[in-house]
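Whatever order the structure lists them in is the order used to number ligands and atoms, beginning at 1.
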Amino acid sequence: MTEQLDLGNVVDITKSQNWAQLGVSDLEKAVEYHNRMYWVENNAVISDEDFDKLVEALRTKAPDSPILDAIGPEGAGAFAPDGVKVTHEPPMLSLDKCYDEDTLMKWFGKFDGEVVVTPKVDGVAACIRYSSRGDLVQGATRGNGTVGEDITENVKRIMNLPLTVSDGPMEVRGEAYMPLDVFRSKFEGEYSSPRNLTAGAMKQKDPEKTRNFEIHFYAYDVIGREFESESEKMQFLIDHGFTPVDPKIVHVDGLQAAYDEILDQREELNYDTDGVVYKVNSIEEQQRMGLTAHHPRFAIAYKFQGESGQSTLREVHWSVSRTGAINPVAVVDPVDLSGASVTRASLHNLSIMEKLGGDEGLRLNSKVLMVRRGGVIPHLEKVVEPGDIPVELPEACPFCGAETYREGDVLMAHHTDDCRGSRMRQIEHFTQVMEIKGFGPKVIETLYETELVTEPADFFTLTSEELQTLDRVGEKLADRLIDAIDGKREVDAHIFLRALGIDELGSHVSKILTQRYDNIEDLIAITRDELASIHTIGDVIADKVTEGFEKRRQDILDLTKHVSLRFPTPGDDNSDGELGGKKFLFTGALESMSRKDAQKKVQALGGETPSGVTKDLDYLVIGDADLEKFEGGWRTGKLKKAEKYNEDGGNIKIIGETQFMGLIGE
Ligand code: IVH
């Protein structure tokens with residue numbers, strides 16, 4: 001096995017001889033995890049043989065497990081269409097966490113007020129939005145915290161969520177979960193954990209099926225209202241028909257006791273819980289403490305033991321990622337974490353490794369705290385006691401020997417043209433930008449090793465029979481992959497250019513080029529000086545792009561034998577349409593159409609629809625009801641931001657929906 005693959009050996013649950021001892025839920029987690037790592041992520045963790053053994057272990061224990069039907073790229077979500085995106089404003093943050101009383105007490109420091117303590121529900125975070133009329137109009141997953149996915153129809157099937165509230169608009173945030181009595185009576189033994197089922201239920205394509213999972217919702221936050229304390233917020237939630245997580249108010253000297261109490265009751269609770277959440281009760285105090293980009297400073301989760309354990313850092317290995325970065329992986333003494341022996345964990349990148357080490361830098365023989373994130377993925381949480389030997393950075397790429405250098409947060413190298421690491425990355429970039437679904441890094445690696453695909457053009461001559469010679473690829477899947485390729489035999493020229501992965505040939509330059517030329521031969525023959533003479537294109541870009549065209553000329557021409565390119569016709573560019581490049585942002589609920597439709601209308605008239613408030617925004621459009629409230633002093637984050645920019649010389653017009661309709665002539 002290659003170093004790159006080997007490195008993915010992060011979960012020793014897979015290697016360990018004790019699969020037979022693992023419960024169904026852990027086995028399912030492991031199968032799901034490795035299936036995803038294989039098909040979607042760049043971290044194929046175990047050999048095919050080991051994977052088969054793991055699947056067999058699950059099959060023996062739970063022959064009807066639905067996870068067995070979800071093996072392959074479809075189960076891993078490789079073909080899943082991207083859902084409708086929903087922006088979170090303010091972002092849905094995470095929680096800071098700790099694993100012992102000492103850290104908890106240090107965290108509270110000299111704080112001397114009331115703290116709200118709630119069990120940490122092990123479910124799926126979601127936000128629910130109500131319109132100014134009080135109707136439930138949108139539900140979304142947390143996603144990456146800033147952008148989640150629309151699951152409106154599914155949240156409407158949550159058992160204990162009000163479909164209307166008396167005084168909208170408002171947004172309520174909380175945790176969707178499956179009650180344990182539901183899990184036990186309907187799913188246990190046959191299905192994976194309640195948490196996994198909740199995630200599945202929230203993403204059902206047929207929302208009616210969501211009902212069958214009897215998902216409930218614990219609310220913990222309200223956006224768009226002001227409160228003096230968390231207690232008041234909880235009461236507000238109750239008054240509006242929500243169920244908040246059962247809160248306890250304690251003083252700082254009662255923090256550990258509150259944890260112990262919840263730990264004691266854990267068995268009797270009707271939901272899975274993986275820790276205790278502490279929140280400063282006073283909102284004024286919360287505002288004083290503020291937020292980081294990741295978590296509020298006024299809250300912390302004290303996680304239950306068992307998922308964490310101490311170990312010793314013995315080595316750091318280095319792997320080439322798909323972006324060309326050379327990233328560190330920690331190798332630690334085996335430590336038992338919720339039933340699995342863990343010996344490796346990705347340290348993600350150079351800068352994260354450095355931060356872990358503090359001022360001294362990360363050292364071998366450090367005592368470290370290991371956890372399994374999300375209950376599965378091993379993670380080096382922190383250094384408990386520094387070791388004695390500094391970790392050395394590699395001077396060369398482990399694949400091609402190119403010299404390494406630092407670039408921002410990562411260690412980089414100018415990989416040679418035949419560096420396996422970088423060639424595979426180029427192919428991967430091509431499939432990603434072209435959106436050829438189903439070709440994750442692991443498949444690409446296998447195709448590369450078997451020499452079926454050594455450059456992008458090879459995709460277009462692949463046959464289903466060839467694909468079926470690969471491990472884990474049957475006829476149905478092979479046909480599906482071929483369909484995915486066939487769907488890309490005609491693409492927009494600018495996307496094709498970007499997919500080439502030529503340095504500095506990004507979206508902007510690609511679009512400029514495709515607007516100037518109407519065929520690929522002339523386009524790639526552009527001279528350096530001609531390119532550099534274009535406004536917004538500097539010398540460096542011109543050099544890199546023309547060098548890239550020269551070097552890849554044959555590749556490109558080979559590719560265009562299989563892919564026909566759509567060049568824009570003059571009418572396509574409507575930046576001088578009626579709304580001539582004007583920028584519109586929609587916020588809150590509109591009455592007459594969805595925000596998406598409104599955006600489409602703007603784009604059709606030559607306007608732009610950026611995703612956030614910036615100084616050069618022209619219009620911030622809100623619903624008429626919101627406009628009325630705005631005039632009465634009500635503000636959301638976006639409105640405040642727009643006003644702030646206007647104070648600083650911006651000219652953002654805040655308009656209502658009716659006015660907007662007038663602007664677009666409707
Ligand atoms: S308070 C910044 N209380 O845990 C968010 N969160 O790890 C503060 N969670 O995404 C939320 N139970 O979805 C809070 N009793 C509880 C919770 C809880 C579960 C989730 C929440 C958040 C995640 C952070």
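Of the protein's heavy atoms, L95 CD2, 3.7 Å lies nearest to atom 8 (C) of ligand 1. Here the heavy atom of the protein found nearest to atom 19 (C) of ligand 1 is V121 O, 3.2 Å. For atom 16 (C) of ligand 1, the closest non-hydrogen atom of the protein is V277 CG2, 3.6 Å. Among protein heavy atoms, the minimum distance from atom 6 (N) of ligand 1 is reached at Y220 CE2, 3.5 Å.
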* Evaluate the criterion ring pair (Phe, Tyr, Trp, His ring centres under 6.0 Å) for residue pair Y271 and Y218; output intermediate values, then yes/no. => CA-CA 10 Å; Y271 49 87; Y218 270 128; 5.0 Å; yes

* To do: Given side chain to side chain contact (heavy atoms under 4.5 Å, CB included), test M202 with V155 step by step and report yes or no.
  => CA-CA 7 Å; M202 298 324 295; V155 302; 3.8 Å; yes

* **Derivation and outcome, side chain to side chain contact (heavy atoms under 4.5 Å, CB included), residues Q310 and M370** => CA-CA 6 Å; Q310 266 204 25; M370 302 296 294; over 6 Å; no

* Working for ring pair (Phe, Tyr, Trp, His ring centres under 6.0 Å), residues Y99 and Y259 -> CA-CA 11 Å; Y99 294 87; Y259 172 92; over 10 Å; no

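Side-chain atoms of N270 and H216 include no donor-acceptor pair closer than 3.5 Å. Under 3.5 Å, the side chains of H348 and D409 contain no donor-acceptor pair of N or O atoms.
Of all atoms in ligand 1, numbered sequentially from 1 with element shown, those under 4.0 Å from a heavy atom of K279 are 1 (S). Here is the list of ligand 1 atoms found below 4.0 Å of a heavy atom in K120: 4 (O), 7 (O), 12 (N), 19 (C). Each of the following atoms of ligand 1 lies closer than 4.0 Å to a heavy atom of T118: 3 (N), 15 (N), 16 (C). Applying the 4.0 Å criterion to heavy atoms of L93 picks out, from ligand 1, the atoms 2 (C), 5 (C), 10 (O). Within ligand 1, counting atoms from 1 as listed, the ones closer than 4.0 Å to a heavy atom of P296 are 2 (C).
Any N or O atom pair closer than 3.5 Å counts here, and P119 shares at least one such pair with ligand 1.
Under a cut-off of 6.0 angstrom, the local environment of CD in E228 is sparse, with at most 12 non-hydrogen atoms contributed by other residues, nucleotides or ligands.
Ligand 1 has S94 within reach: a non-hydrogen atom of the residue lies less than 4.0 Å from it.
Among H294, E230, E175, R142, the residue whose heavy atom lies closest to atom 9 (N) of ligand 1 is E175.
Under the 6.0 Å cut-off for aromatic ring centres, F227 and F236 qualify, their centroids lying closer than that.
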